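Heads up, the thing below is written out as structure tokens.
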Amino acid sequence: MKYISTRGGMDPAPYSETLLEGLAPDGGLAVPERLPSVDAAQLEAWRGLDYPALATEVLGLFATDIPRDELARMCRAAYSHENFVADAIVPLTAIDGGLTLVGLSEGPTLAFKDMAMQFLGQALEYALARRGDTLSILGATSGDTGSAAEYALRGKDGITVYMLSPQGRMSAFQRAQMYSLTDENIHNIAIAGVFDDCQNLVKELSGDLGFKRAHRLGTVNSINLGRITAQVVYYFWAWLRASDEIAEVDRGRFQVSFAVPSGNFGNILSGHFARRMGLPIRRLVLAANENNVLDDFFRTGIYRPRSAADTHATSSPSMDISKASNLERFVYDLVGGDPERLAALWRELDTRDEGAAGFFDLSAELPRFASEFGLVSGTSTHTDRVATIRAVHEATGVTIDPHTADGVKVAREWVEPGVPMLVLETAKPAKFPEIVREATGEEPAMPAHLAGLLELPQHVTEMADDAARLRAYIERVSG
Ligand SMILES: *Cc1c(COP(=O)(O)O)cnc(C)c1O
């Protein structure tokens, strides 16, 4: 299996090489030359596997350049009970209205990004060792992605992490989670500024190609193909668990729908891959918050990214995006894998960037979004989140987080009789105490294994918003 660029300008590359790159050299994203396919007999053969074994099978279809025993070892290490507290790793929990939650937040940072990042940490360490290379991850975080990356990369050979965060702007929980790490390869740097200042520093240093090469700077952001493929696994897992109770003769026709709280279109893109591989998925329901560029796209066929200034700060903050970086991979399929047409669409976004906002119009293809790809969408607001957290709590005693609430709210609009609706639970409520208190009047419980986290000593370097100082810091550490 080889990987090519959505824009056509990259020689086919093996899986482990795409992990070390960000964008393809032509500005596009890596996609499989052809998606693998899985039939009903194969699905049945996988039914008895535990999560790491299933991950080995599914990822083995993508990572064909990694020996199977190595891949199995990595999946066991990533999806271990040290990292994930639930016995099943990914538990399914029925709630009211015929919905089922798919628990993706059992990992060290209580959010679904751990699912992909833990595997990527293993895969990067392996790919670097094979090349005899090292990597420095330079990232900016407002909380969630940075902590998932640090927990996945702590103690990994050949990898150093420099994570910039805005000083005084993260929650007490997020600070405790990141700054309490004591691993020597993890460097937390609190910048006197806001998140955009952190991101600009990353851009400035990564844009200096000499510096970038000398210090082997890279990223593990949401376009990373390793993350997308690792996320495909839990769609298979959820379908298998939802169909465990179905009589064997009926399983071939057994379809489920998934509702996915979405931001950068990474999580739901993995569902799109699973569906194209042959997993019986009826609908993929995209849930957006007030930053609903994607809901607009899936209702109108017009994609109009917004500027950072037009992005609202909401109570489901991990979905506050103005540009969905993974959408390009879906549009690539929509245009039949035609790299020229794809590149022309993205040129429309870029050329209009001066002054008027760029957009492209695929409304002529709109009927195919649902009929061919099963993709539908909806929007949820703060009022909806509060009402949904409260309603689920009252009906079932289960407390959900605000992102999962966006998923539940939109899922309810698309439920069909006889088709189970599986809602991806993307975070635990303990991370978002304010809105949970507003909805239920109760403080969300801190998971037992994190008791005492807030009291641990914290290690962070405070720094002015100054690229020269950051450069000097990295030079001192990496030599
Ligand atoms: C990152 C994140 C999302 C959005 O996922 P995408 O892959 O960017 O669409 C939703 N919920 C939570 C809690 C997240 O951390």
Side-chain angles (χ1 to χ4, degrees), residues 29 101-118 120 139-152 170-171 173-174 177-178 195 220-232 234-235 258-274 284-295 297-298 305 311 314-330 375 377-380 385 388-389 399-411 423-432 435-436 444:
L29 304 185
L101 299 178
V102 180
L104 303 178
S105 320
E106 306 291 320
T109 73
L110 309 185
F112 93 99
K113 294 197 172 65
D114 289 326
M115 295 299 304
M117 211 67 98
Q118 285 292 332
L120 183 60
T141 187
S142 51
D144 282 343
T145 313
S147 57
E150 290 189 352
Y151 277 78
M170 293 197 300
S171 71
F173 179 83
Q174 288 171 325
Q177 222 175 11
M178 291 178 57
F195 172 68
V220 288
N221 53 19
S222 73
I223 58 168
N224 185 290
L225 188 81
R227 287 178 61 179
I228 301 295
T229 53
Q231 290 163 187
V232 171
Y234 50 70
Y235 286 89
F258 285 96
V260 188
S262 292
N264 264 317
F265 203 76
N267 199 354
I268 198 166
L269 177 77
S270 300
H272 165 71
F273 277 11
L284 288 165
V285 181
L286 180 145
N289 67 14
E290 290 88 336
N291 296 294
N292 55 358
V293 270
L294 287 173
D295 183 29
F297 176 60
F298 284 99
T311 308
T314 74
S315 53
S316 47
S318 300
M319 294 159 60
D320 290 348
I321 59 97
S322 34
K323 251 186 227 148
S325 42
N326 276 296
L327 187 68
E328 179 166 338
R329 289 183 167 120
F330 169 71
L375 267 153
S377 68
T379 290
S380 163
R385 283 189 280 284
T388 305
I389 294 171
T399 310
I400 57 174
D401 96 290
H403 307 80
T404 309
D406 288 329
V408 168
K409 188 268 179 179
V410 177
V423 182
L424 301 190
E425 178 217 53
T426 55
K428 285 283 182 217
K431 294 185 91 167
F432 305 96
I435 187 170
V436 170

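For ligands, and for the atoms within them, numbers begin at 1 and follow the listed sequence. Everything numeric in this text was worked out from a predicted model, so none of it was measured.
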Which of the numbered atoms in ligand 1 are below 4.0 angstrom from a heavy atom of [X]?
X    : result
K113 : 1 (C), 2 (C), 3 (C), 14 (C), 15 (O)
M319 : 10 (C)
G266 : 6 (P), 7 (O), 9 (O)
A427 : 13 (C)
P261 : 4 (C), 10 (C)

Checklist entry - What is the nearest protein non-hydrogen atom to atom 7 (O) of ligand 1, stated with its residue, atom name and distance? => result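 Of every protein heavy atom, N267 N, 2.9 Å lies nearest to atom 7 (O) of ligand 1.
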
Item to check | For atom 8 (O) of ligand 1, the protein heavy atom that lies nearest, with its residue and separation | outcome: N264 N, 2.7 Å

Between [X] (side chain only) and [Y] (backbone N and O only), is there a donor and an acceptor less than 3.5 Å apart?
X    : Y    : answer
N264 : G266 : no
K409 : T379 : yes
N289 : S316 : yes

We want to know whether [X] and [Y] form a side-chain donor-acceptor pair, criterion being a heavy-atom distance below 3.5 angstrom.
X    : Y    : answer
S105 : E425 : yes
T314 : D320 : yes
T311 : N291 : no

What do you reckon, does [X] have a nitrogen or oxygen under 3.5 Å from a nitrogen or oxygen of ligand 1?
X    : result
S262 : no
G263 : yes
T426 : yes

Checklist entry - Where is the tightest heavy-atom contact between Y235 and I268, given as atom of each residue plus distance? => result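 Reported closest heavy-atom pair: OH-CA, 3.7 Å.
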
Checklist entry - Which is it for F265 and ligand 1 at heavy atoms under 4.0 Å: side chain, backbone, both or neither? => result backbone

Next on the checklist: Taking the ring of F173 and the ring of F432, is the distance between their centroids below 6.0 Å?
Outcome noted: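 Centroid distance F432-F173: not below 6.0 Å, so no.
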
